[in-house]
Chemist: 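Starting off with a structure, shown below.
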Amino acid sequence: PYHRSTPRAGVTVQPDGQNVKITAPGEETILSAGFYAFRDAQRTVVTSFDAAPANAFGVSISGGAAEVVLSASGVKITVHGAPGRRTINLGPLGTRTVDYAGGDPLTVQ
């Protein structure tokens with residue numbers, strides 16, 4: 001934790017292709033027009049906003065809006081937005097497919 005009025009030491013912001021990469025001690029964030037991703041020692045989070053593919057930190061999402069959280073307690077996938085199939089590649093943990101009918105967000109673990 002840090003006080004919001006105190007600048008954080010070691011933070012860098014740099015372009016990375018069409019994305020923006022923000023690094024700070026112990027964490028990394030990627031911002032893109034269609035997704036964002038975050039990782040630190042406890043978790044990796046990749047969230048897509050639309051059907052454009054998202055790929056960061058060894059996780060990829062295709063088919064629509066979804067959020068993937070990898071942590072010591074497991075994998076949590078939440079899909080939302082337009083109905084359809086989401087394909088989630090988790091690298092060495094394999095690939096998961098979620099068929100989403102629409103409506104309320106659907107979370108699978």
Chemist: Side chains of Q109 and I77: does their closest heavy-atom pair fall under 4.5 Å?
Modeler: no
Chemist: Could you check whether any side-chain heavy atom of V46 comes within less than 4.5 Å of a side-chain heavy atom of I61, counting everything from C-beta outward?
Modeler: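 Yes, close enough: below the 4.5 Å cut-off.
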Chemist: Do any N or O atoms from the side chain of D40 and from the backbone of R43 form a donor-acceptor pair under 3.5 angstrom?
Modeler: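 At least one qualifying donor-acceptor pair exists.
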Chemist: Take a 6.0 Å sphere around CD of Q18 and say whether it holds more than 12 heavy atoms from other residues, nucleotides or ligands.
Modeler: no
Chemist: Work out which heavy atom in Y100 is nearest to a heavy atom in D104; give both atom names and the distance.
Modeler: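 Closest heavy-atom pair between Y100 and D104: OH-O, 3.1 Å.
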Chemist: Roughly how far apart are N55 CG and F35 CZ, rounded to 0.5 Å?
Modeler: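 Those atoms lie 7.0 Å apart.
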Chemist: Kindly determine whether L31 and I22 satisfy side-chain contact (heavy atoms from CB on, under 4.5 Å), including the steps that lead there.
Modeler: CA-CA 8 Å; L31 304 174; I22 304 163; 3.8 Å; yes
Chemist: Could you tell me whether the side chain of V98 reaches within less than 4.5 Å of the side chain of R85, counting heavy atoms only?
Modeler: no
Chemist: Looking at CD of Q14 and CG of N19, how far apart are the two atoms once the value is rounded to the nearest 0.5 Å?
Modeler: 11.5 Å
Chemist: Does any non-hydrogen side-chain atom of T78 lie less than 4.5 Å from one of L106?
Modeler: no
Chemist: Does S48 use its side chain to pair, donor to acceptor, with the backbone of G64 at less than 3.5 Å?
Modeler: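 Here the side-chain-to-backbone pair exists.
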Chemist: Could you state the interatomic distance from CD1 (I88) to OG (S62), rounded to the nearest 0.5 Å?
Modeler: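 Output value for this atom pair is 7.0 Å.
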Chemist: Is any NZ, NE, NH1 or NH2 atom of the basic residue among R39 and E27 found under 4.0 Å from an Asp or Glu carboxylate oxygen of the other?
Modeler: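 Judged by the 4.0 Å cut-off on N to carboxylate O distance, R39 and E27 do not form a salt bridge.
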Chemist: If hydrophobic clusters are built from ILVMFWY residues whose side chains come within less than 4.5 Å, do V69 and V79 share one?
Modeler: no
Chemist: Please check if the side chain of R86 supplies one atom and the backbone of H80 the other of a donor-acceptor pair under 3.5 Å.
Modeler: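 The answer is yes, because a donor-acceptor pair under 3.5 Å joins these two groups.
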Chemist: Do F57 and I30 come close enough that some side-chain heavy atom pair is under 4.5 Å?
Modeler: yes
Chemist: If you measure only the distance, is there a donor-acceptor pair under 3.5 Å linking the side chains of N89 and S60?
Modeler: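 There is no such pair between these side chains.
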Chemist: Answer yes or no: is there a side-chain heavy-atom contact under 4.5 Å between V13 and V20?
Modeler: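 Sidechains of V20 and V13: in contact.
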Chemist: For Y36 and E67: C-alpha separation, side-chain torsions, deciding distance, then whether side-chain contact (heavy atoms from CB on, under 4.5 Å) applies.
Modeler: CA-CA 10 Å; Y36 76 86; E67 178 177 73; 3.5 Å; yes
Chemist: Is there a side-chain contact between L93 and V75, using heavy atoms and a 4.5 Å cut-off?
Modeler: yes
